[in-house]
Amino acid sequence: MNKFNKEERLCSKKSLDLLFKNGSSFLLYPFRVTYYFVAEPHLFPAQVVINVAKKRYKHAVDRNLIKRRTREAYRLQKEQQLYPNLLNRNELLLLSLQYVGKEKYDYSFFEKKLALAFKKLNTLIAAHENN
RNA sequence: AAUGCAAGCUGUUCUAUCGCCCCGAUCUUGUAUCGGGGAGGAAAGUCCGGGCAACAUAUAGCAUCUCGCUUCCUAACAGGAAGGCAUUUAAGAAUGAAAACUUAAAUGACAGCAAGUGCCACAGAAAAUAUACCGCCCCGAUUUAUCGUGGUAAGGGUGAAAACGUGAGGUAAGAGCUCACGAAUUCGUUAAGUGAUUAACGUUUUGGUAAACCUCGGGAGUUGAAAGACCAAAUAGGCUAACGCAUGUAGGGCUGCUCGUCCGAUGUUAGUGGGUAGGUCGUUAAAGAUAAAUGGCGACAUUUAUAUUAGAUUAAUGAUAGAAGUCCCAGCCUUGUGUUGGGAAACAGAACCCGGCUUAUAAGCUUGCAUUUUUU
RNA sequence: GGUCGAGUGGCCGAGAGGCUUAGGCUCAGCUCUGCAAAAGCUGCUACAGCGGUUCGAAUCCGCUCUCGACCU
């Protein structure tokens, strides 16, 4: 089952401040991914926030469309791509996906790019653990 | 019939799989199962007007902002309805030709320049108290075709705009200087109309500009749900009341100013409290929608009936696949409400709620106007 | 969600009803030089868009677009 509940979203203002102040980030077009680990175990191994700038997209319709496609891609892939690497850790991953693309793409593009982003994130986490 | 423009109306439907937000029910009390609901005509822009809430009691005066033909509608409005007037266009009839007239449509920030002040570039003699370039006239001088003192706004040319137009009298020449007819205009009387206004008569005046200052009349207290109310946990520099102290002082708040009013340093005692973060309410049933009847020219109002009801808060209403209908393009022959293949579907996403306005809109339908072609 | 401000050549920026707009920087050409720089001369390129008021609009008024700031 590929669910996506409120508990998997990052809503707390405090956590957001923590994430953007201390988190590390990388760019994988069209996403800018920011992540940070906190030592507070949660029902789910990760909480995510999706972000589209008002400056880049004037109309609310376009922003909603991008957010919905990103969310759908995240929902369908997190179980296979992201969660297995996190389950053995006793920490919560705070994750932010900022959309920085210039155009509107099809859903398949989102799916492909998000998979690549997950792959890169996993390697980075592994590297961090080894150090 | 086609195309274009303008105004108005509608603003695709169904199935499967995987999800999201809210509400209700059940018991196995868990990210459980079942059932129900889930964007718009503009949800947009935030351009106006209200409700609601807090602050203030100072809805005081001034300043500031805003509205501006009339009557009506409305909770209210810079909105709407009906009318008046003006301008433009078209047609009609009239005429030598126009103007005026009649009808229709469109447009109008449509109070006042006859309260005062300012401004009117360049050109032009002069842009508002007529300061006379050419021209016209009187008088004087003489070198006899020129000069000088004056008068004159009829003619010339300039300009966006030239001292109301035509004719006559008048005069040295001229001039609303006088008269007749006419144009616009102020005020008054009479008549019609609720009124704007219209008609007649008398009277006054004769450049434009108030989206120039301004005058007159009406309206606006300020802030905006991130307003505001409440809840439980823990710690302060906080708050309240009483007393004391000083000329209620320094200083500060209340709307920009005035006037007025309120608070008011430091000490003692008693009580209360919640920086920040979180949750609940505010928050979705309403000046609401649809239908009918009645009243009204109409906007709209009244009565009755009916069915419902988005409610998030890093912010739901989606993704994938398929089918049907609509429109467009191409092919086929059986030329049809045919069939096959390919494409298109706009503008745009609620965030406290309503009433308007404005702007954006594929495709279809309705109405009006314009152009072109064909037929009669 | 709400409140407010701005838009003038490639860039900065004055102008607040009247000559298609002051000045500086940049760019192009010429003069000067053996070649450049500096200096001098000449030139190019603008009122965000649409509509209205006015004889006349960058300026006044309305709508639209773009950019920016503030309220947590």
Side-chain angles (χ1 to χ4, degrees):
Chain A
M1 297 294 268
N2 300 315
K3 303 226 168 189
F4 187 59
N5 279 1
K6 185 80 177 290
E7 296 296 316
E8 294 180 71
R9 297 180 198 168
L10 181 49
C11 302
S12 165
K13 206 161 189 172
K14 229 179 204 170
S15 304
L16 280 166
D17 285 344
L18 208 65
L19 171 63
F20 286 111
K21 204 170 177 185
N22 301 324
S24 356
S25 67
F26 62 88
L27 186 73
L28 193 142
Y29 187 83
F31 298 110
R32 178 184 172 81
V33 183
T34 310
Y35 63 97
Y36 186 68
F37 283 100
V38 289
E40 290 175 16
H42 198 255
L43 278 165
F44 292 91
Q47 282 188 322
V48 70
V49 57
I50 295 161
N51 197 330
V52 182
K54 189 177 183 180
K55 228 173 192 176
R56 218 172 271 274
Y57 292 95
K58 279 288 169 202
H59 296 297
V61 172
D62 300 334
R63 292 198 298 276
N64 277 349
L65 188 70
I66 289 162
K67 278 200 252 186
R68 278 166 184 163
R69 284 182 174 160
T70 310
R71 194 158 55 231
E72 186 68 11
Y74 182 85
R75 180 176 73 83
L76 292 174
Q77 295 187 58
K78 64 185 164 69
E79 291 283 350
Q80 291 81 34
Q81 309 273 356
L82 185 65
Y83 282 8
N85 294 348
L86 301 170
L87 282 174
N88 54 348
R89 299 172 67 109
N90 199 19
E91 288 177 315
L92 174 66
L93 174 68
L94 304 179
L95 191 66
S96 148
L97 296 173
Q98 282 177 286
Y99 188 82
V100 295
K102 291 196 177 61
E103 296 166 42
K104 287 182 277 181
Y105 297 101
D106 288 341
Y107 172 71
S108 56
F109 180 85
F110 281 83
E111 202 169 6
K112 205 164 56 189
K113 286 293 181 181
L114 197 69
L116 288 174
F118 279 151
K119 204 179 266 180
K120 183 159 182 180
L121 185 62
N122 283 333
T123 58
L124 281 169
I125 290 169
H128 184 255
E129 251 175 7
N130 294 341
N131 293 347

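What's counted below: heavy atoms across the whole structure, side chains too, no hydrogens, waters or symmetry copies. Below, chains carry the letters A, B, ... as their sequence lines are ordered, and counting in each starts from 1.
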Check your understanding: Rounded to the nearest 0.5 Å, what separation is found between the OG atom of S24(A) and the CZ atom of F37(A)?
Key -> 9.0 Å

Practice item. Classify the glycosidic conformation of G176(B) as syn or anti, calling it syn when the angle lies within 90° of 0. Key: syn

Check your understanding: Does L121(A) reach the side chain of Y35(A), with side-chain heavy atoms less than 4.5 Å apart?
Key -> yes

**Study point:** Who pairs with G5(C) - Watson-Crick or G-U, where each distance is under 3.5 Å
**Key:** C67(C)

Review point. Quick one: on RNA chain B, does I50(A) or E72(A) contact a more 5' nucleotide (nearest heavy atom)?
Key: I50(A)

Review point. For the pair made of CG in L65(A) and P in A39(B), what is the distance, rounded to whole Å?
Key: 18 Å

Check your understanding: Using the C1' atom in both, what is the distance from U276(B) to A234(B), to the nearest Å?
Key -> 12 Å

Practice item. If U102(B) has a Watson-Crick or G-U wobble mate with both distances under 3.5 Å, name it; if not, just say none. Key: A91(B)

Revision key, fill the gap. pair_partner(G188(B)), Watson-Crick or wobble, both distances < 3.5 Å, evaluates to C201(B)

Point to revise | Rounded interatomic separation in angstrom, taking CD from Q77(A) and P from U320(B) | key: 14 Å

Practice item. Grab the CG-C1' distance between D106(A) and G318(B) for me, whole Å please. Key: 16 Å

Study note, to complete from the structure: Using Watson-Crick geometry (N1-N3 plus N6-O4 or O6-N4) or G-U wobble (N1-O2, O6-N3), each under 3.5 Å, C327(B) is paired with G343(B)

Practice item. Take V49(A) and S108(A), find for each the nucleotide of RNA chain B with the closest heavy atom, and name the residue whose nucleotide sits nearer the 5' end. Key: V49(A)

Check your understanding: Syn or anti for U284(B), with syn set at within 90° of 0?
Key -> syn

Practice item. Let me know the distance between NZ of K112(A) and P of A319(B), rounded to the nearest Å. Key: 19 Å

Review point. If you group Ile, Leu, Val, Met, Phe, Trp and Tyr by side-chain heavy-atom gaps below 4.5 Å, do I50(A) and L116(A) land in one group?
Key: yes

Exercise for review: Could you tell me the separation between the CG atom of L97(A) and the C1' atom of U314(B), rounded to a whole number of Å?
Suggested key: 13 Å

Check your understanding: Is R75(A) salt-bridged to E72(A), going by a charged N under 4.0 Å from an acidic O?
Key -> yes

Revision key, fill the gap. Across every strand shown, the nucleotide meeting Watson-Crick or G-U wobble geometry with C257(B) (both distances under 3.5 Å) is G61(B)

Would you list the protein and nucleotides 349-351 of chain B atom pairs, both N or O, that sit under 3.5 Å from each other?
from, atom 1, to, atom 2, distance (Å)
G349(B), OP2, A60(A), N, 3.4
G349(B), OP2, V61(A), N, 3.3

Review point. Quick one: are the ring centres of Y99(A) and F110(A) less than 6.0 Å apart?
Key: yes

**Study point:** Spacing between Y74(A) atom OH and U320(B) atom C1', to the nearest angstrom
**Key:** 21 Å

Exercise for review: Would you kindly give the CZ-to-C1' distance between R63(A) and A348(B), to the nearest whole Å?
Suggested key: 13 Å

Exercise for review: For C41(C), give its Watson-Crick or G-U wobble partner with both distances under 3.5 Å, or none.
Suggested key: G29(C)

Practice item. Quick one: classify the glycosidic conformation of A39(B) as syn or anti, with syn meaning within 90° of 0. Key: syn

Review point. What is the base-pairing partner of C119(B), counting Watson-Crick and G-U wobble geometry with both distances under 3.5 Å?
Key: G208(B)

Check your understanding: Looking at R71(A), does any N or O in its side chain come under 4.0 Å of the phosphate oxygens OP1/OP2 on U317(B)?
Key -> yes

Review point. Which label fits G41(B), syn or anti, where anti is any glycosidic angle not within 90° of 0?
Key: syn

Exercise for review: Using whole Å, report how far CZ of R75(A) lies from P of C18(B).
Suggested key: 10 Å

Exercise for review: Would you mind pulling out the nucleotide paired to G167(B), Watson-Crick or G-U wobble, both distances under 3.5 Å?
Suggested key: C179(B)

